[in-house]
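Starting from 1, each residue takes its place in the sequence as its number. Computation of the quantities below employed the complete heavy-atom set of this structure, encompassing side-chain atoms and omitting hydrogens, waters and symmetry-equivalent molecules.
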Amino acid sequence: MPESTAAVNAYIEVIFSDRPTQVVPVNVLPFFIGRGAENGNHLSLDDKRISRKCAVISEDSAGLLIEDRGQSAGIFVNGEPTEVRLLADGDRIRLGTDDGCQLIFRLTSESFAQEEAETKLRSILGSLGNDSTEELNGLRLLLEATSLMHSQLPLESVLAAMLDHAIVITDADRGMLLEPDASGVLQVKIARGRDGESLIPEAMKPSRSVLGSAVELETAVVNEDLNLAEINVQNAQSVVMQLLRSSVVIPLYGTPRRQIDASPEAAQRQLLGAVYLDSKRTATFSALDRQILDALGAQAGSILENARLIEHKRERQRLEQELSIAREIQQALVPQGLHDYPHFSITGIYRPCNEVGGDYFDVFPLPDGRIAILIADVAGKGLGAALLTTMLQGALSGMTLDVDPVKVFNHLNQFLCQRAAVGRCATMFFGLLDPDGAFEFIRAGHPSPLLLRGDEVSELYSTGSLPIGLLERETFTSSRIQLEPGDTLLLFTDGVTEAEDKDRNLFQDVRLKEAFGQHQDSSLKTLLDGISSAVENFAAGASQADDVTLLAVRYRGSADGIQKEL
């Protein structure tokens with residue numbers, strides 16, 4: 001199905017009973033919904049009750065459709081089981097029989113919003129007659145304000161134009177848009193003058209008394225003559241010092257939100273900010289002005305909410321692009337496919353649970369003829385862990401300069417411990433493969449690799465050690481074993497043994513050893529594919545919280561015994 005990036009002007013509210021509401025724009029068609037972004041989903045829902053291929057929103061001549069793609073127990077629209085259905089604004093979509101997650105479809109197409117706004121505004125103005133030029137100008141201005149809701153202009157430009165419309169409608173000297181800061185106090189974000197000029201927000205001194213009154217009443221407050229206002233407003237310092245004579249405050253609210261199963265009366269209005277207008281003249285607000293203030297507030301609130309939604313969408317797209325670049329770089333640093341050396345075959349797989357992860361492995365030859373292998377797992381997930389893996393990989397690649405590996409490990413440990421702000425440690429396993437089968441290794445808190453010799457699977461070590469970056473006084477040493485021809489080593493991260501099924505049971509070492517032992521005669525690719533399949537079959541689609549990394553090494557023996565890996 002071809003993907004279209006044309007403007008859709010729709011979004012989905014994702015409501016979990018135990019999480020904050022999330023707003024996700026429908027920015028491409030078809031729009032796939034399911035568990036895990038790695039499964040090609042545009043709306044990724046991290047919940048085991050959601051199938052990996054759950055639903056899709058697509059378009060036909062009648063509008064936008066939702067279709068069941070295989071959600072366990074089906075999907076329901078407004079309580080009715082649905083295979084394919086045309087969506088309407090406000091439709092509630094339940095995924096499966098559990099109501100712990102619901103999606104609310106919101107349609108904000110330009111024609112829909114324009115028609116709705118025009119109907120409301122004509123209703124407001126209809127009681128005043130149809131021949132008034134002032135009424136028609138008011139209607140024109142508000143419809144122009146409505147069109148800003150669908151503008152692709154930068155957020156600052158949209159909000160400045162919204163203020164200019166408000167100033168013209170109310171005949172004010174200046175206008176300000178205020179938004180709540182982290183502590184909930186309204187602060188001036190944008191200020192405009194009577195002639196459309198920009199004013200310095202920090203220099204504006206809106207009347208806090210007037211603002212407080214409007215927010216408390218949750219309605220527009222008009223003071224045509226501040227000398228006749230309440231005493232506390234008349235005596236407010238900002239009013240006296242700035243010689244203000246009239247003011248208008250319009251609190252702006254977003255779309256009311258309510259929790260699942262809550263009554264409509266329980267919907268909460270979110271204060272997005274306020275439009276504040278004042279003048280040094282005594283204003284004479286007409287009946288038209290008074291009646292359109294609420295309409296202006298509703299439109300301004302919608303503009304601000306929509307502009308924020310667009311800004312959030314752009315920011316999310318930028319972040320997704322950066323994460324995609326980071327993922328490409330990280331994947332490029334990991335050795336790809338099967339590597340053949342004169343005496344060894346080596347291959348590995350790396351599957352991060354997020355866009356970028358904290359696992360990695362590396363394979364590189366040393367000047368003395370030995371092959372270095374490395375696997376590591378940085379504590380944590382995401383970009384922070386990925387940055388540290390890249391740093392560690394670069395530092396350890398310095399071993400190609402014939403540096404003692406033990407000294408490198410001890411140096412890295414001190415380096416991380418002395419930078420406590422990094423706040424991360426890493427488990428690592430580093431090995432040196434000699435052509436004669438001698439295998440020297442250093443361990444730093446990492447799970448023991450498994451050795452398959454004949455039909456027996458064993459661990460290289462059973463005693464513990466500390467990760468790098470955990471304790472500064474810790475020192476690391478190397479150990480040795482002798483490999484025999486046909487021996488296979490399996491290095492892994494704990495994302496393999498700690499993979500979970502839907503009941504939170506772990507895959508554990510026993511299952512890994514069993515899956516490993518079944519492939520003594522298989523190629524390394526078949527071996528890793530078999531282990532991966534065993535983990536996936538065990539998880540049965542359950543969402544995983546850790547990266548999965550596997551590295552397999554097979555010693556072929558001396559030159560006389562070398563056989564090409566199939």
Side-chain angles (χ1 to χ4, degrees), residues 1-5 8 10-60 64-87 91-107 260 313 316-317 319-321 323-324 327 351-357 381-382 495 499-504 532-533 535-548:
M1 189 182 297
E3 185 177 276
S4 169
T5 57
V8 181
Y11 63 93
I12 293 174
E13 295 178 25
V14 183
I15 303 176
F16 280 93
S17 57
D18 57 349
R19 308 178 199 175
T21 298
Q22 179 186 5
V23 176
V24 180
V26 180
N27 47 21
V28 296
L29 291 175
F31 184 83
F32 294 105
I33 301 170
R35 188 179 71 248
E38 69 277 7
N39 297 313
N41 294 308
H42 301 97
L43 172 54
S44 175
L45 301 170
D46 185 16
D47 192 290
K48 295 177 181 178
R49 295 168 293 189
I50 310 300
S51 300
R52 284 178 288 182
K53 293 184 177 181
C54 172
V56 60
I57 295 176
S58 57
E59 185 179 29
D60 73 358
L64 296 181
L65 304 169
I66 188 165
E67 179 180 354
D68 186 355
R69 295 179 67 217
Q71 168 61 27
S72 177
I75 64 173
F76 299 79
V77 178
N78 300 327
E80 298 178 1
T82 298
E83 292 187 2
V84 180
R85 175 167 174 157
L86 185 66
L87 287 171
D91 278 349
R92 302 181 74 89
I93 305 164
R94 190 175 78 237
L95 307 176
T97 56
D98 194 306
D99 61 0
C101 172
Q102 289 195 38
L103 312 178
I104 301 180
F105 178 76
R106 298 294 186 189
L107 184 63
I260 296 176
K313 172 183 172 182
R316 179 173 177 175
Q317 289 174 337
L319 180 60
E320 288 176 349
Q321 183 179 21
L323 283 173
S324 177
R327 180 185 178 92
R351 295 174 182 166
C353 65
N354 299 317
E355 279 293 320
V356 290
K381 306 290 180 295
E500 296 181 344
D501 64 11
K502 62 181 180 179
D503 296 321
R504 307 297 295 272
S532 296
S533 296
V535 174
E536 290 178 2
N537 292 336
F538 171 80
S543 178
Q544 301 302 311
D546 205 352
D547 308 328
V548 171

Legend entry - Check: R351 and S532 side chains under 4.5 Å, non-hydrogen atoms: yes
Legend entry - Main-chain N/O of Q71 paired to R69 side chain as donor or acceptor, under 3.5 Å: no
Legend entry - Least distance between heavy atoms, L29 atom then S58 atom: CD2-CA, 4.3 Å
Legend entry - Minimal non-hydrogen separation, C54 against D68, with atom names: O-OD1, 3.3 Å
Inset, instruction - For residues A73 and G96, report the shortest heavy-atom separation together with the two atoms involved. - result: CB-CA, 4.2 Å
Inset, instruction - Please round to the nearest 0.5 Å and tell me the distance separating atom CZ of R85 and atom CD1 of I75. - result: 10.0 Å
Inset, instruction - Taking all non-hydrogen atoms of both residues into account, name the closest pair between F31 and V24 and its distance. - result: CZ-CG1, 4.1 Å
Legend entry - Side-chain touch I33/I57, heavy atoms, less than 4.5 angstrom: yes
Inset, instruction - Grab the two heavy atoms, one from P30 and one from V56, that are nearest each other, plus how far apart they are. - result: CB-CG2, 3.6 Å
Inset, instruction - Drop me the distance from E67's CD to E83's CD, to the nearest 0.5 angstrom. - result: 9.0 Å
Inset, instruction - Evaluate the side-chain contact (heavy atoms from CB on, under 4.5 Å) criterion for residues L95 and L45: first the C-alpha distance (whole Å), next the side-chain angles of each, then the deciding distance (0.1 Å), finally the verdict. - result: CA-CA 11 Å; L95 307 176; L45 301 170; 3.6 Å; yes
Inset, instruction - Would you check if I12 and I93 make a side-chain contact, meaning some heavy-atom pair closer than 4.5 Å? - result: no
Legend entry - Expected output: side-chain N41 to main-chain R52 donor-acceptor under 3.5 Å: yes
Legend entry - Closest non-hydrogen atom pair between G36 and S44, with its separation: N-OG, 3.1 Å
Legend entry - Interatomic distance, F32 atom CZ to L43 atom CG [nearest 0.5 angstrom]: 12.5 Å
Legend entry - Reference residue I104; test side-chain contact (heavy atoms from CB on, under 4.5 Å); the match among V14, V23, D91, I15: I15
Legend entry - Pairwise side-chain contact, L64 with F105, heavy-atom cut-off 4.5 Å (strictly under): yes
